[in-house]
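Shown next, in structure tokens, is the structure this report addresses.
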Amino acid sequence: MSYNYGRNTGTDGWTFDIDPDRAAQTLDDSICTYDNSNGIPCGDWFGKNELTQDVIDYVKYRREGTGGNEMRVWSANMNGYLYELPAGGLGFAIGAESRTEKGWRDPDSTVLRNGLEDPISGSYDVNEIFGELSVPLLANEFLVKQLSVELAARYSDYNTAGAETTYKMGLTWSVNDSLMLRAVRSTAFRAPVITELFGGTNGENLRTIDPCENATGAIATNCQAAGVPADFVQDGTTILTSVGGNPKLEPETADTTTVGIVWQPEFLEGFSATIDYFDIRIDEAITSVNGSDMLRLCYEDPIGNAKFCDTFTRHPVTHQVNELNQRPVNAAVETVSGVDLNTVYKFNLFGLSSRATLDITRLLKHESTPFQGQPTIDKVGFITEDQGSYTEWRSNLSYSVMTDDWSASYSLRYIGSADDVNGTDSDPLGKSVDSVTYSDISASWYYSDALTFSLGVDNIFDKKAPYLTSWNDANTDVMTYDLLGRRGFIRATYQF
């Protein structure tokens, strides 16, 4: 039986942002002065290099938000063997858990004053019970060192998402000491997290393509029927988009299949390799549909896709989209498949214990259908404007040396190439990105059994995040790439 309490707090933001209220003041001749005699300088925002340093200093500020998470967990577990079967002991595990999670975020005071973000605050409780069985079927037979079945069930009851029972059935076949085959079929249940449910509204200028510009066929007909003129031209490439949580979200459920091989060759001591194929189908998946797709789906079929037509408004005179609402929704279906490869090699080098690890993931399929009957969106090989990169290849390579007193490691993080989902030939620099590799180094000194000192440097070659079209202010994919550059850390860990 155990009780765990965890709490973390942090500060996020960026060094320079523009206060829109102050920027508006610099354009109002009744408030600002050209000699800055009253502390509010007038600014020329429409000429190249026309803004004075007084104007820049007046409108810019350091944007910071604070927030955190808190978790309390009571758990009780029991495991062992029920009785002996011909092929081995019948193993079991049972347990119960009660968990409370809270989350919050307070935006910068300037952001709140301008109404650009809302605070985040929410919590949920969940009670769970589970049971597992490991049933040995055969042992020490021809081509069967061990054959067993694993069965499991879990009941989860969320105060925000209701209750659900999930199951798992696995088969493990050890052919001999070197080769093992395994397969698992399971169901899964994921309740919306705090940010998905209670995330406050945040206005962002996201790159969005208006399909009414140069429209043809049904889209042109529907655009004109909605009052958008045939010669409509989109003003710029971004649209003010409200993103945040959705308290109406429901849980997502999934069916998962994995099949894999574990190989530990006798001729290469210390080496092991696993390769697993995974196939996941998620129903009512929690996801976001990007603004370009929402506009396109609306004008392809305004009746059948009415849900998308309710997500934006147009200016009555210019017909420009002046606001778009993009929040997480329960999509109809999301399917993912791929292959994971893991290799580990433990050996001695110059009297030091060494370990080399390689992890590779090849994404074969990641498709999302926003709503039943709608076109399927293929995400493989693309970087989305709000969900990060779905590159085909990712990998991590690390090498460590260890003694009784200290250890050191060097690691590489690889992110494969991908195309910007909104990239066009008009902005070839941000249309796609090549692969990116980051290097990290760290070392630890084991002062005692309880106390460890560690230090390290991440992104030691100061690799910059690549430029992308879709990411407006950040100019890159903030969910995928390293934004901080080279940085170091020092850490002391004490185990009571």
Checking the side chain of [X] only, and the main-chain atoms of [Y] only, is there a donor and an acceptor separated by less than 3.5 Å?
X: Asn330; Y: Ala285; answer: no
X: Ser292; Y: Ile209; answer: yes
X: Thr391; Y: Ser417; answer: yes
X: Thr384; Y: Gly388; answer: yes
X: Thr9; Y: Gly68; answer: no
X: Thr160; Y: Tyr158; answer: no
X: Ser174; Y: Lys145; answer: no
X: Trp173; Y: Leu143; answer: yes

State, without any angle test, whether [X] and [Y] hold a side-chain donor-acceptor pair at a distance under 3.5 Å.
X: Thr258; Y: Tyr277; result: no
X: Ser272; Y: Gln264; result: no
X: Ser444; Y: Thr452; result: no
X: Asp283; Y: Thr253; result: no
X: Glu150; Y: Ser148; result: yes

Roughly how far, to the nearest 0.5 Å, is the [atom2] atom of [Y] from the [atom1] atom of [X]?
X: Thr274; Y: Asp276; atom1: OG1; atom2: CG; answer: 5.5 Å
X: Phe92; Y: Leu133; atom1: CZ; atom2: CG; answer: 9.0 Å
X: Ile129; Y: Thr165; atom1: CD1; atom2: OG1; answer: 8.0 Å
X: Asn396; Y: Leu412; atom1: CG; atom2: CG; answer: 9.0 Å
X: Tyr410; Y: Ser439; atom1: OH; atom2: OG; answer: 3.0 Å
X: Phe189; Y: Glu284; atom1: CZ; atom2: CD; answer: 12.5 Å

Got a salt bridge between [X] and [Y], using NZ or NE/NH1/NH2 to carboxylate O under 4.0 Å?
X: Asp440; Y: Arg413; result: yes
X: Asp17; Y: Arg62; result: no
X: Asp420; Y: Arg207; result: no
X: Arg486; Y: Asp458; result: no
X: Asp482; Y: Arg487; result: yes
X: Asp462; Y: Lys464; result: yes
X: Arg63; Y: Glu117; result: yes
X: Lys346; Y: Glu269; result: no
X: Glu367; Y: Lys379; result: no

For residues Tyr481 and Lys463, determine if any side-chain heavy atom of one lies less than 4.5 Å from a side-chain heavy atom of the other.
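They are not in side-chain contact.
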Could you tell me how the ring of Tyr3 sits relative to the ring of Trp74: parallel (under 30°), tilted (30 to 60°) or perpendicular (over 60°)?
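If you compare the ring of Tyr3 with that of Trp74, the planes turn out tilted.
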Does the side-chain contact (heavy atoms from CB on, under 4.5 Å) test come out yes or no for Lys168 and Val184, once each step is laid out?
CA-CA 7 Å; Lys168 183 185 81 169; Val184 176; 3.6 Å; yes
Evaluate Glu101 against Asn69 for side-chain contact (heavy atoms from CB on, under 4.5 Å), listing each step before the verdict.
CA-CA 7 Å; Glu101 295 195 30; Asn69 296 280; over 6 Å; no
Going through the distances and angles, do Glu164 and Arg190 end up as a side-chain contact (heavy atoms from CB on, under 4.5 Å)?
CA-CA 9 Å; Glu164 183 74 17; Arg190 188 180 80 84; over 6 Å; no
Can you name the one residue among Asp255, Thr256, Leu171 that meets side-chain contact (heavy atoms from CB on, under 4.5 Å) with Arg185?
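Looking at Asp255, Thr256, Leu171, the match for Arg185 under the side-chain contact (heavy atoms from CB on, under 4.5 Å) is Asp255.
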Do you know which of Tyr345, Trp263, Phe347 makes side-chain contact (heavy atoms from CB on, under 4.5 Å) with Leu268?
Tyr345
